[in-house]
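Have a look at the structure below before the remarks.
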Amino acid sequence: MRSMWEALDLDPAQQQIYEALVDGAVTVAELRSATEMSAAGVKAALSALEQLSLVGRFAAERGGEERYLPVAPEIAFESLLLAREEEIHRTRRHIQLLAARFRMNAVGRDPLDLVEIVTGRAAVIRQVDHLQRSARQEIRGIDRPPYANSDPDRLDPKTGMMPVQAQTMGRGVGYRVIYDTDGLATFHRLDADIGAAAELGEEARVMADTPTKMLIADDRIALIPLRAAPNELASSVVVHPSGLLEVLCEFFEVLWSRALPISEYLSGHRAGAPDGPSPEEARLLALLTTGMTDQVMARQLGVSYRTFQRRLHGLMERLGAATRFQLGMRAASLGWVTPTPHARPPEGAV
């Protein structure tokens, strides 16, 4: 709560006095009793609130004390909020102008200025958060182990998502993420963080053996590990506008075209029609495209291996398929799955 008041330029004393007024205290004596502040402190805070047009003063009647009444909060703070929003807009416009000047001068800069090294797990986490918060249009990412953001206190306890991603998507920023199958096998859950992100609008695809982790914001800045396959994510490279950044953006698009889509199944966009797959069948089909083992797919569905096999056989029987390859072809012909160029069909016969 305190940070909200600070955003409106109210110090703790002014906050206490205003809230005490809202709760019914109207005189200096009552305010002293409610806040345990000195008379001088109460009067100083009241004076500041008056200047901000948050409090009105009323003369004493028949020897009584002066009374102070708060202006209704929805009226009192509207002008302050509008002023702060305008200040933020002006600051954002100035930052955009600085960014344009930065890009204009980038051509003549030292190549060493176009990249920077971030060292230490905490610093990498801060950079990941900063990159996402700085995005205005789209975040593109390749997700694979190891994970710097794997601590429980870094994840939403209900969804398993990073709160900063949910906040960024709440601002209208799009996400396209390629998930490596190793991450699905060891860290992510389709019925938790990936499913929650899909519900918010994230476009997710899956690929085996992705070459590196990567995060790109708006064709403007990228973050990649310093080492291609580290045991832990202790250092990263920040890439600013340059030919290298352009290559990374094109590299992501090539991988995206080859990866297998899963988000539309997880968010239920292809489930629920009378002649379409049920939500459970849609998730099963999404998993079958990933190439993960049956044991890992069962864990992702939250069922036993035997239950997974029973559901798989039931789906194959429903579609009249004798093998997984036939199942994939049959599901594609019905529009239940989207064939992807270069994608390999599900392997193995049942």
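We're numbering straight along the sequence, starting at 1.
Under the rule for a side-chain hydrogen bond (donor to acceptor under 3.5 Å, both in side chains), T119 has no partner lying at least two apart in sequence or in another chain. Contacts of Q167 classified as side-chain hydrogen bond (donor to acceptor under 3.5 Å, both in side chains), with partners at least two apart in sequence or in another chain: none. Judged as a side-chain contact (heavy atoms from CB on, under 4.5 Å), and not counting sequence neighbours, the contacts of Q137 are D218. In this structure R306 satisfies the side-chain contact (heavy atoms from CB on, under 4.5 Å) test together with S304, sequence neighbours excluded.
A donor and an acceptor atom, one from each side chain of R220 and S134, are located under 3.5 Å apart. Counting only N and O atoms by type, the side chains of E30 and Y68 include no donor and acceptor under 3.5 Å apart.
Hydrophobic side-chain contacts under 4.5 Å tie F58 into a cluster, directly or through other members, with V26, L69.
A salt bridge is absent between R140 and E203: the closest approach of a Lys/Arg side-chain nitrogen to an acidic carboxylate oxygen does not fall below 4.0 angstrom. Look at R299 and D294 and you find no salt bridge, because none of the NZ, NE, NH1 or NH2 atoms lies under 4.0 Å from a carboxylate O. A salt bridge links R318 to E281: at least one charged side-chain nitrogen sits closer than 4.0 Å to a carboxylate oxygen.
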Let me have the donor-acceptor pairs involving side chains of residues 32-45, under 3.5 Å, with sequence neighbours excluded, atom names and distances please.
| unit_1 | atom_1 | unit_2 | atom_2 | d |
| --- | --- | --- | --- | --- |
| T35 | OG1 | L31 | O | 2.7 |
| T35 | OG1 | M37 | N | 3.4 |
| S38 | OG | G41 | N | 3.0 |

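D180 contributes no side-chain N or O that, together with a main-chain N or O of D143, makes up a donor-acceptor pair within less than 3.5 Å. Between the T168 side chain and the A166 main chain, no donor and acceptor come within less than 3.5 Å of each other.
Atom CG of D209 has 12 or fewer neighbouring heavy atoms from other residues, nucleotides or ligands inside a 6.0 Å radius.
Here the closest non-hydrogen pair linking R144 and T212 is CD-C, 3.6 Å.
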